[in-house]
Amino acid sequence: MENILGLLRIRVKRGLNLAVRDLGSSDPYVVITLRNQTFKTKVVKKNCNPEWNEELTVSIKDPNEPIKLAVFDKDTFTVDDKMGDALIDIKPYIAALKMGMKNLPNGCALSRVRPNKDNYLGDESSIVWNDGKITQNMHLRLRNVESGEVEVEIEWIDVPGARGLEIEERLLKTPWNH
């Protein structure tokens, strides 16, 4: 446990305007990958605007390592079709956590992250204090596909015995490459 910083809970909420891969619809699911960790949501049948509302938890060793999100269309007799992918950049979120803010009013925004060429945000994303937790909601634009976004929310989980966020500043300063 001492070689990880902590855990990141990723709530895969829903897909928006996902690509059609079957007759008029798709059977989408999401795969989250970080190093040797891979997690999948359930398949939502015949829906290009699916609601997954599932929580997937990954262990974080390096905040610069990209978390990969990919959407697939479940097929019965052939290989599942890819429906786009994105990277989840947690560095702005980790920086907000390290500010050490506590006991703020619910809904208080600690930071805002604007979409740019270096991230996959489809809209501005706020890092918010709610009910004693800091969360970030993101609308991720899928790449390598004609359309689609996936809405996720991330939340840090401290783990007893883990290194925690008392990490060297150099970890957060390394450029993030795609």
Side-chain angles (χ1 to χ4, degrees), residues 1-15 29-42 52-72 84-143 149-178:
M1 267 308 191
E2 63 274 350
N3 62 343
I4 70 166
L5 299 175
L7 301 176
L8 189 73
R9 178 178 296 134
I10 303 170
R11 287 185 190 91
V12 181
K13 294 181 170 185
R14 62 191 178 125
Y29 65 94
V30 172
V31 176
I32 300 284
T33 307
L34 177 62
R35 280 195 182 182
N36 58 350
Q37 305 171 76
T38 302
F39 302 94
K40 279 176 28 171
T41 65
K42 67 183 182 251
W52 290 288
N53 292 316
E54 288 191 42
E55 292 182 353
L56 308 173
T57 304
V58 296
S59 59
I60 303 295
K61 292 182 179 181
D62 178 356
N64 294 303
E65 195 164 355
I67 299 170
K68 297 175 181 135
L69 178 146
V71 182
F72 293 90
D85 59 88
L87 298 176
I88 300 171
D89 180 7
I90 66 169
K91 286 194 303 295
Y93 177 74
I94 297 293
L97 285 175
K98 289 184 64 115
M99 289 192 301
M101 304 292 238
K102 301 232 184 265
N103 303 320
L104 299 169
N106 272 350
C108 182
L110 303 175
S111 180
R112 297 189 196 290
V113 184
R114 290 199 158 84
N116 63 43
K117 64 179 180 52
D118 296 323
N119 64 35
Y120 293 82
L121 296 175
D123 202 357
E124 185 175 85
S125 173
S126 292
I127 301 169
V128 178
W129 174 271
N130 264 327
D131 300 323
K133 300 179 227 162
I134 297 174
T135 60
Q136 182 179 3
N137 201 60
M138 301 178 198
H139 286 261
L140 299 170
R141 284 181 321 231
L142 298 176
R143 65 181 180 178
E149 288 186 2
V150 174
E151 183 182 354
V152 300
E153 180 185 77
I154 60 174
E155 176 188 336
W156 186 259
I157 302 168
D158 281 316
V159 178
R163 287 188 315 190
L165 290 175
E166 304 308 317
I167 58 175
E168 298 175 38
E169 282 301 312
R170 69 174 173 78
L171 286 178
L172 292 174
K173 290 181 180 169
T174 306
W176 186 45
N177 300 318
H178 300 308

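What you are looking at is a predicted structure, and each value in this text was computed from that prediction instead of being measured.
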Given side-chain contact (heavy atoms from CB on, under 4.5 Å), test Leu110 with Leu97 step by step and report yes or no. CA-CA 9 Å; Leu110 303 175; Leu97 285 175; over 6 Å; no

How about NZ on Lys68, more than 12 heavy atoms from neighbouring residues, nucleotides or ligands closer than 6.0 Å, or not? no

Please lay out, stage by stage, how Ile32 and Val30 fare under the test side-chain contact (heavy atoms from CB on, under 4.5 Å). CA-CA 7 Å; Ile32 300 284; Val30 172; 4.2 Å; yes

Measuring from Leu8:CG to Ile157:CD1, what's the distance to the nearest 0.5 Å? 7.5 Å

Any side-chain heavy-atom pair of Leu140 and Leu142 under 4.5 Å: no

Residues which pass side-chain hydrogen bond (donor to acceptor under 3.5 Å, both in side chains) with Arg112, listed by chain and number, not counting sequence neighbours: Ser126

I want to check something: taking the side chain as every heavy atom from C-beta on, are Leu5 and Trp156 in contact at a cut-off of under 4.5 Å? yes

CE of Met138 to OG of Ser125, rounded to nearest 0.5 Å, is 5.0 Å

Rounded to the nearest 0.5 Å, what separates atom CZ in Arg163 from atom CD1 in Ile60? 11.5 Å

Verdict with supporting geometry, Val113 and Asp89, side-chain contact (heavy atoms from CB on, under 4.5 Å): CA-CA 11 Å; Val113 184; Asp89 180 7; over 6 Å; no

To check you understand the geometry: which heavy-atom pair defines the closest contact between Ile154 and Ile90, and what is its length? CD1-CG2, 4.0 Å

Leu121 side chain near Arg114 side chain, heavy-atom distance below 4.5 Å: no

Interatomic distance, Leu56 atom CG to Thr38 atom OG1 [nearest 0.5 angstrom]: 11.0 Å

Taking side chain as C-beta onward, heavy atoms only, is Asp85 less than 4.5 Å from Arg143? yes

Here's a test for you: under side chain to side chain contact (heavy atoms under 4.5 Å, CB included), which of Val159, Asp158, Val58 qualifies with Leu7? Val159

Hey, what do you get for NZ (Lys133) to CZ (Arg9), rounding to the nearest 0.5 Å? 7.0 Å

Report the C-alpha distance between Tyr93 and Ile134 in whole Å, list the side-chain angles of each, state the deciding distance to 0.1 Å, and finish with yes or no for side-chain contact (heavy atoms from CB on, under 4.5 Å). CA-CA 9 Å; Tyr93 177 74; Ile134 297 174; 3.8 Å; yes

Between Lys91 and Pro63, the two heavy atoms sitting closest are CG-O, 3.5 Å

Shortest non-hydrogen contact between Gly107 and Asn130, atoms and distance: N-OD1, 2.9 Å

Minimum heavy-atom distance between Leu69 and Val71, given as atom pair plus value: CD2-CG2, 4.1 Å

I need the minimum non-hydrogen distance between Trp52 and Lys42, along with the two atoms involved. O-NZ, 3.0 Å

Donor-acceptor contact below 3.5 Å, side chain Arg11 vs main chain Glu55: no

Checking Glu149 now: which residues fulfil side-chain hydrogen bond (donor to acceptor under 3.5 Å, both in side chains) with it, not counting sequence neighbours? none

With a 4.5 Å limit on heavy-atom distance, are the side chains of Trp129 and Asn106 in contact? yes

Shortest non-hydrogen contact from Lys40 to Glu54? O-OE1, 4.2 Å

Rounded distance [0.5 Å steps], CD in Gln37 versus OG1 in Thr57: 10.0 Å

Using only atom types and a distance under 3.5 Å, with no angle test, would you say the side chain of Arg141 pairs donor to acceptor with the backbone of Asn119? yes

Hey, is the main chain of Leu34 close enough, under 3.5 Å, to the side chain of Glu65 for a donor-acceptor pair? no

